[in-house]
**Q** 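Would you mind keeping the following structure in view while I ask a few things?
The model shown is predicted, which means the values in this text are computed figures rather than measured ones. Just the heavy atoms: all of them, side chains too, but no hydrogens, waters or symmetry mates, feed the values below.
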Amino acid sequence: MTQIPEPGLVVLDVTAHDEATAHAVIAVLEQTWATSGITPVQRVPGVPGVRARVHADIRRPVTPPDPLNSPYGAGA
């Protein structure tokens with residue numbers, strides 16, 4: 001079990017069909033939050049797909065949000 005030391009920190013386990021897909025998913029997450037980067041992709045013999053892990057701080061967006069393009073409306 002992974003210990004999460006404080007609110008806003010997350011550990012995301014990604015299961016994907018292949019390494020390219022896992023890397024693509026992590027790349028999108030890295031555009032949204034401060035992350036640790038992808039861990040080495042793991043492949044378990046006899047189990048389809050690959051697995052990877054990323055640690056993210058969802059309190060810290062990579063770039064400040066644009067209030068005019070907020071999904072919650074202007075000025076949110």
**Q** For L12 and W33, work out which heavy atoms get closest and say how close.
**A** CD1-CZ3, 4.4 Å

**Q** Work out which heavy atom in V50 is nearest to a heavy atom in E19; give both atom names and the distance.
**A** CG2-N, 3.9 Å

**Q** Evaluate side chain to side chain contact (heavy atoms under 4.5 Å, CB included) for R53 paired with V11, printing each intermediate quantity in order.
**A** CA-CA 7 Å; R53 176 174 281 182; V11 176; 3.5 Å; yes

**Q** Other residues, nucleotides and ligands only: do more than 12 of their heavy atoms fall within 6.0 Å of CD on Q42?
**A** no

**Q** Of the non-hydrogen atoms in V54 and G37, which two are nearest, and what is the gap between them?
**A** CG2-O, 3.6 Å

**Q** At their closest point, which heavy atom of A22 faces which heavy atom of A16, and how far apart are they?
**A** N-CB, 3.7 Å

**Q** My understanding is that only one of V25, V41, T21, T39 makes a side chain to side chain contact (heavy atoms under 4.5 Å, CB included) with V14; could you say which?
**A** V25

